[in-house]
*Asks:* 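So that we are looking at the same thing, I have put the structure below in structure tokens.
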Amino acid sequence: MTPDQLATAIRHALVRAIEDGALALEPAQVPAEITVERPRNPDHGDYATNIALQVAKPAGTSPRAVAELIAVRLREVGGVASVDVAGPGFLNVTLDAATLGELARSVVVAGESYGRIDRYAGTRVNVEFISANPTGPLHLGHTRWAAVGDAIARVLEAAGAEVVREFYINDRGLQMDKFGMSLEARALGTEPPEGGYHGAYVDDIARQVVAADPSILELTGPDRWAAFREAGYALQLQQQKDVLDGFNTHFDVWYSERTLHSSGAVERGLARLREHGHVFESDGAVWLRTTDFDDDKDRVLVRSNGELTYFASDTAYYVDKRDRGFDVCIYLLGADHHGYVNRLRAVAACAGDDPDVNIEVLIGQLVKMMKGGEEVRLSKRAGNMITLEDLVDEVGVDAARYSLIRYPVDSPLTLDLDLLVSRSNDNPVYYVQYAHARIASVLRNAGDLGIDWRGATADLSLLTHERETALLGLIGELPRVVGTASELREPHRVARYLEELANAYHKFYDVCRVLPGADADVEPINVARLWLCGAARQTLENGLALLGVSAPDRM
RNA sequence: GCGCCCGUAGCUCAACGGAUAGAGCAUCUGACUACGGAUCAGAAGGUUAGAGGUUCGAGUCCUCUCGGGCGCGCCA
């Protein structure tokens, strides 16, 4: 029995109590969600629910009395071994061993699809993240989003959503020109202009550009730096794509800001906003009245000199996404952009959408790096800038991704490079991966012993050891973890869950011998435990896949 | 000045309004001549920054104070 099935059984028990007249409650007062959770304390059974505490007040009686009414009816349900009323009115449910054990079989049978749910079936989601200028390498700030954004996309997919990962290329405007002029300057051996780009990578790209086409130096005037700009753009963008590819983060759409303008999307976007009546003119400029929807000031779309603002691109881009059929547009932005939240939400509202439904702006705090006990200051001046590439070179893709994903993004994160580099259990990713490798080893050994556990008849009711039931219970949690992680857009919950699961496996392994000892026959308990191992391995693999982290058979 | 985020063990951090606030690291003590010791068992470590409030119940929600990070252009 899965936790969801138990929740349904509890609901039925509650409804029956109402129908029997034992409980004075309107059907409408039954909560939409019945919370079933695994108690921290094993004495509290396999599962616990607080439903009695929730409905006691509207029912006009005490929580414990309600709990008793539900308990009596729940005990009749097949697979339920016992139901206790505890504390202020919690219901503690214990399943019988066979019912719990069968979970192992169903997980192994489900394979890679275990953990997938249909909560967001039919929902099209656009997840936009990183969206850097193509004027330099991706740095540490981008890296957090590369890992977390991709994990959010994976979790949403597991929850049934149709997800597109999108990277908005800021390839238009003054910064690009400065980039071109900086490249030109370095190629000519002069200093980049005021506000230009510095660092070794600028020299590298300049060299590459000249090497690819030496005739570029024969150009003059703006033609020359524009040519450097275009050639450098192509190289830098490709470099970003390659690095992200190596980071196991693959974008479905690379959306160029230039394309947005050349395609007429900007005009269409402005037209849409005018239709809804939130555009006005003042002081020779065109404005969007975002203050109609919680923004603290109105925003300029077209400057009095006729030029479009960056904000105009933003609005058009949003409208374009919606026109492409996305129900939800998720933006992942750094904390230094949190001032954009209200205006982006206002854009959605001005376009006639519901900002609470169609747009979602997630703000992530910045990452700090410690090395040798000191903070590594991040600066675009090359020397101490940490790039995504640097991080991966130092600690590897799995450790880098995992370390960035395992913390909620709304709190600032401090990473200690020294700890990450050491391949010890200081980094929990190894703890989780080790559990997977350990199981893989056991299963290999079973094969070497000629044990065909999947083909044998197994009595899974033998899995009654406290460590076995604890492990089974946690294995059963994956679908619900996917549910909360996807709903809250918090993939760190998956990582935390995997650590718990790995811990439960190690504890089980420590006291429960899986394979028969030397010269011993294969007993039913060996087969049952192999099923448990198979289920645990599959759950770890599926969970790690949600994070884009590998599940190695050997380490 | 206004706004957003944060403040939990020595350190890095968990905890969809639930039961005795949990892990890892660091410190101390233990455990295999059988499946991977990158493991497991145990000890120690807390006024959840502070003060009020909401309710059966608050680290979590509301108000205020203190402390830290960030943001407030017809810039991109």
*Asks:* By the 4.0 Å heavy-atom rule, please label Asp553(A) as base, sugar-phosphate, or nothing.
*Replies:*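 Contact class for Asp553(A): base.
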*Asks:* Taking only the P atom of each, what is the distance from G18(B) to G57(B) in whole angstrom?
*Replies:*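 The same atom, P, in both gives a distance of 14 Å.
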*Asks:* Is the phosphate of C40(B) approached by Asn503(A) (side-chain N or O, under 4.0 Å from OP1 or OP2)?
*Replies:*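 Result: yes.
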*Asks:* Starting at the 5' end of RNA chain B, which residue's closest nucleotide do you reach first, Gln54(A) or Val302(A)?
*Replies:*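 Nearer the 5' end of the strand: Gln54(A).
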*Asks:* Heavy-atom count check: over 12 atoms from other residues, nucleotides or ligands less than 6.0 Å from Asp292(A) CG?
*Replies:*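 Yes, the 6.0 Å shell around CG holds more than 12 heavy atoms from other groups.
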*Asks:* Looking at the side chain of Thr35(A), which of C16(B), C13(B), G37(B) is the nearest nucleotide?
*Replies:*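 My answer, after comparing the listed nucleotides, is C16(B).
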*Asks:* Atom CG of Leu333(A) and atom P of G3(B): how far apart are they, to the nearest Å?
*Replies:*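 It is 21 Å, rounded to the nearest whole Å.
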*Asks:* Using the P atom as the reference point in each nucleotide, state the distance between U48(B) and U60(B) in Å, no decimals.
*Replies:*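 That atom pair is separated by 10 Å.
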*Asks:* Can you tell me the base-pairing partner of A43(B)? Count Watson-Crick or G-U wobble geometry only, both distances below 3.5 Å, and say none if there is no partner.
*Replies:*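 Base-paired to U27(B).
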*Asks:* Please state the P separation for the pair A58(B) and G50(B) - nearest whole angstrom.
*Replies:*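 The answer is 16 Å between these two P atoms.
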*Asks:* Give the minimum heavy-atom separation between Leu547(A) and Ile405(A), together with the two atoms involved.
*Replies:*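 So the minimum-distance heavy-atom pair works out to O-CD1, 3.5 Å.
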*Asks:* Specify whether Trp453(A) and Trp531(A) have parallel, tilted or perpendicular ring planes, treating 30° as the upper limit for parallel and 60° as the lower limit for perpendicular.
*Replies:*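 Because their plane-to-plane angle is over 60°, the rings of Trp453(A) and Trp531(A) count as perpendicular.
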*Asks:* Which base sits across from G7(B) as a Watson-Crick or G-U pair, both distances under 3.5 Å?
*Replies:*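 Base partner found: C66(B).
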*Asks:* So, do His44(A) and A19(B) meet the stacking rule of ring centres under 5.5 Å and planes under 30°?
*Replies:*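 Given the distance and angle limits, yes, they stack.
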*Asks:* Between G36(B) and A31(B), how many Å separate the two P atoms, rounded to a whole number?
*Replies:*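 These two P atoms come out 22 Å apart once rounded.
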*Asks:* Between the base of C75(B) and the side chain of Thr309(A), is one N or O donor paired with an acceptor at under 3.5 angstrom?
*Replies:*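 In this structure, the two groups form no donor-acceptor pair.
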*Asks:* Taking CG from Leu362(A) and P from C6(B), how many angstroms apart are they, rounded to a whole number?
*Replies:*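 Distance check: Leu362(A) CG to C6(B) P gives 13 Å.
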*Asks:* Look at the side-chain N and O atoms of Arg38(A) and state whether any lies under 4.0 Å from the OP1 or OP2 oxygen of C16(B).
*Replies:*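 Arg38(A) to C16(B) OP1/OP2: no side-chain N or O under 4.0 Å.
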*Asks:* What nucleic acid atoms does Ala48(A) come within less than 4.0 Å of, heavy atoms only: base, sugar-phosphate, or nothing?
*Replies:*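 Since a base atom lies under 4.0 Å of Ala48(A), the category is base.
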*Asks:* Tell me which of Pro39(A) and Ala502(A) sits closer to the 5' end of RNA chain B, going by the nucleotide each one is nearest to.
*Replies:*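 Residue closer to the 5' terminus by nearest nucleotide: Pro39(A).
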*Asks:* Please determine if a side-chain N or O atom of Lys507(A) lies less than 4.0 Å away from the OP1 or OP2 oxygen of A41(B).
*Replies:*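 True: Lys507(A) side-chain N/O within range (under 4.0 Å) of A41(B) OP1/OP2.
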*Asks:* Look at the side chain of Leu515(A) and decide which nucleotide, out of A41(B), G37(B), C35(B), has an atom nearest to it.
*Replies:*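 Taking heavy atoms from C-beta onward, the closest nucleotide is C35(B).
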*Asks:* Per the atom types in the model, does the base of G18(B) pair as donor or acceptor with the side chain of Asn50(A) at under 3.5 Å?
*Replies:*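 Side chain to base: pair found, below 3.5 Å.
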*Asks:* Under 4.0 Å between any heavy atoms, over every strand shown, what does Asn305(A) touch: base, sugar-phosphate, or nothing? Just pick one.
*Replies:*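 Answer is nothing: Asn305(A) stays at 4.0 Å or more from every strand.
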*Asks:* Got a salt bridge between Arg496(A) and Glu500(A), using NZ or NE/NH1/NH2 to carboxylate O under 4.0 Å?
*Replies:*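 No, Arg496(A) and Glu500(A) are not salt-bridged.
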*Asks:* Do the charged groups of Arg444(A) and Asp448(A) touch, with an N to O distance under 4.0 Å?
*Replies:*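 The answer is no: the pair does not qualify as a salt bridge.
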*Asks:* In Watson-Crick or G-U wobble terms, both distances under 3.5 Å, what is the partner of G22(B)?
*Replies:*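 Partner of G22(B): C13(B).
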*Asks:* Does Tyr402(A) have Arg406(A) sitting over its ring (NZ/CZ under 6.0 Å from centre, angle to axis within 45°)?
*Replies:*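 No cation-pi geometry.
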*Asks:* Tell me what Thr484(A) touches on the nucleic acid: a base, only sugar-phosphate, or nothing, going by heavy atoms under 4.0 Å.
*Replies:*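 Nothing, no nucleic acid heavy atom in range.
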*Asks:* Using 4.0 Å as the upper bound for N to carboxylate O, is an ion pair formed by Glu468(A) and Arg529(A)?
*Replies:*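 Judged by the 4.0 Å cut-off on N to carboxylate O distance, Arg529(A) and Glu468(A) do form a salt bridge.
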*Asks:* Compare the minimum distances between each of C13(B), C74(B), G73(B) and the side chain of Ala285(A), then state the nucleotide with the smallest one.
*Replies:*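 Taking heavy atoms from C-beta onward, the closest nucleotide is C74(B).
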*Asks:* Would you mind checking if Arg229(A) and Asp177(A) are paired as a salt bridge, meaning a charged N to carboxylate O distance below 4.0 Å?
*Replies:*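 Arg229(A) and Asp177(A): salt-bridged.
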*Asks:* Looking at C40(B), I'd like to know if its phosphate oxygens (OP1 or OP2) sit under 4.0 Å from a side-chain N or O belonging to Tyr431(A).
*Replies:*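 Indeed, a polar side-chain atom of Tyr431(A) lies that close.
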*Asks:* Please state the C1' separation for the pair G7(B) and A26(B) - nearest whole angstrom.
*Replies:*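 Their C1' atoms lie roughly 22 Å apart.
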*Asks:* Going by purine N1 to pyrimidine N3 plus the second Watson-Crick contact, or the G-U wobble pair, all under 3.5 Å, which nucleotide sits opposite C2(B)?
*Replies:*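 Pairing partner: G71(B).
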*Asks:* At under 4.0 Å between heavy atoms, what does Asn342(A) touch on the DNA or RNA strands: base, sugar-phosphate, or nothing?
*Replies:*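 Asn342(A): no heavy atom of the nucleic acid under 4.0 Å.
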*Asks:* Over all strands shown, is Arg513(A) touching base, sugar-phosphate only, or nothing at heavy-atom distances under 4.0 angstrom?
*Replies:*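 The answer is base, as Arg513(A) lies within the cut-off (heavy atoms under 4.0 Å) of a base atom.
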*Asks:* Separation of Tyr430(A) atom OH from A23(B) atom P, in whole Å?
*Replies:*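 Interatomic distance, OH of Tyr430(A) to P of A23(B): 24 Å.
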*Asks:* Any donor-acceptor pair under 3.5 Å joining the side chain of His338(A) to the base of G3(B)?
*Replies:*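 Such a pair is found, so the answer is yes.
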*Asks:* To the nearest Å, how far apart are Tyr509(A) OH and A38(B) P?
*Replies:*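 The distance from OH of Tyr509(A) to P of A38(B) comes to 11 Å, rounded to the nearest Å.
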*Asks:* What about Tyr509(A) and His506(A), are their ring centers closer than 6.0 Å?
*Replies:*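 Ring-ring flag for Tyr509(A)/His506(A): false, centres at least 6.0 Å apart.
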*Asks:* By centroid distance (under 5.5 Å) and plane angle (under 30°), are Phe90(A) and A19(B) in a stacked arrangement?
*Replies:*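 Ring-base stacking flag set for Phe90(A) and A19(B).
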*Asks:* With a non-hydrogen cut-off below 4.0 angstrom, is Gly87(A) in contact with a base, only sugar-phosphate, or nothing?
*Replies:*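 Since no nucleic acid heavy atom lies under 4.0 Å of Gly87(A), the category is nothing.
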*Asks:* Measure from the side-chain heavy atoms of Lys57(A) and tell me the nearest of A76(B), U55(B), C72(B).
*Replies:*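 Among A76(B), U55(B), C72(B), the one nearest the side chain of Lys57(A) is U55(B).
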*Asks:* Looking at G73(B), C13(B), A76(B), which one has an atom nearest to any side-chain atom of Lys297(A)?
*Replies:*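 Of the options given, the side chain of Lys297(A) lies nearest G73(B).
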*Asks:* In whole angstrom, what separates Arg406(A)'s CZ from A15(B)'s C1'?
*Replies:*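 Roughly 13 Å, once rounded to whole Å.
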*Asks:* Can you tell me how the ring of Tyr317(A) sits relative to the ring of Tyr168(A), calling it parallel under 30°, perpendicular over 60° and tilted otherwise?
*Replies:*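 Tyr317(A) vs Tyr168(A) ring planes: parallel.
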*Asks:* Taking atom C1' in both A51(B) and A76(B), compute the distance separating them and give it to the nearest angstrom.
*Replies:*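 Their C1' atoms lie roughly 44 Å apart.
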*Asks:* Ignoring backbone atoms, establish whether Arg444(A) has a side-chain N or O less than 4.0 Å from OP1 or OP2 of G36(B).
*Replies:*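 Checking G36(B) against Arg444(A), no side-chain N or O comes under 4.0 Å of OP1 or OP2.
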*Asks:* Under 4.0 Å, heavy atoms only, any strand: does Cys533(A) hit a base, just the sugar-phosphate, or nothing?
*Replies:*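 Result for Cys533(A) = nothing.
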*Asks:* Decide yes or no, distance alone: a donor-acceptor N/O pair under 3.5 angstrom between the base of A76(B) and the side-chain of Tyr340(A).
*Replies:*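 Between A76(B) and Tyr340(A), which were checked side chain against base, a qualifying N/O pair under 3.5 Å is present.
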*Asks:* Once you round it to whole Å, what is the distance between P of G18(B) and OH of Tyr47(A)?
*Replies:*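 It is 19 Å, rounded to the nearest whole Å.
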*Asks:* Measure NE2/His492(A) against P/U12(B) and give the value in whole Å, please.
*Replies:*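 Interatomic distance, NE2 of His492(A) to P of U12(B): 18 Å.
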*Asks:* Rounding to an integer number of Å, can you tell me how far Phe508(A) CZ sits from C35(B) C1'?
*Replies:*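 About 10 Å, once rounded to whole Å.
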*Asks:* Using the P atoms only, state how far G59(B) lies from C16(B), rounded to an integer number of Å.
*Replies:*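 Here C16(B) and G59(B) have their P atoms 13 Å from each other.
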*Asks:* So Pro516(A), base contact, sugar-phosphate only, or nothing? Heavy-atom distance under 4.0 Å.
*Replies:*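 No contact at all - Pro516(A) keeps every heavy atom at 4.0 Å or more from the nucleic acid.
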*Asks:* Name the closest nucleotide to the Leu53(A) side chain, picking from G18(B), C13(B), C40(B).
*Replies:*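 Minimum distance to the Leu53(A) side chain belongs to G18(B).
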*Asks:* Arg493(A) side chain N/O closer than 4.0 Å to the phosphate oxygens (OP1, OP2) of A14(B)?
*Replies:*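 Result: no.
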*Asks:* Across the strands shown, which category fits Tyr434(A) at heavy-atom distances under 4.0 angstrom: base, sugar-phosphate, nothing?
*Replies:*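 Here Tyr434(A) touches the bases of the nucleic acid.
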*Asks:* Mind checking Ala86(A) for me? I need base, sugar-phosphate or nothing, with any heavy atom below 4.0 Å counting as a touch.
*Replies:*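 Base: the residue Ala86(A), judged by heavy atoms under 4.0 Å, touches a nucleobase.
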*Asks:* Counting only Watson-Crick pairs (N1-N3 plus N6-O4 or O6-N4) and G-U wobbles (N1-O2, O6-N3), all under 3.5 Å, who is the partner of U55(B)?
*Replies:*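 Paired with U55(B), as far as the under-3.5 Å criterion goes, is no nucleotide at all.
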*Asks:* Let's test your reading of the model: under 3.5 Å, does the base of A19(B) pair with the side chain of Asn92(A) as donor and acceptor?
*Replies:*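 Looking at the base of A19(B), it does pair with a donor or acceptor on the side chain of Asn92(A) (distance under 3.5 Å).
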*Asks:* Mind checking if Ala446(A) touches a base, just sugar-phosphate, or nothing, with heavy atoms under 4.0 Å?
*Replies:*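 It contacts nothing in the nucleic acid.
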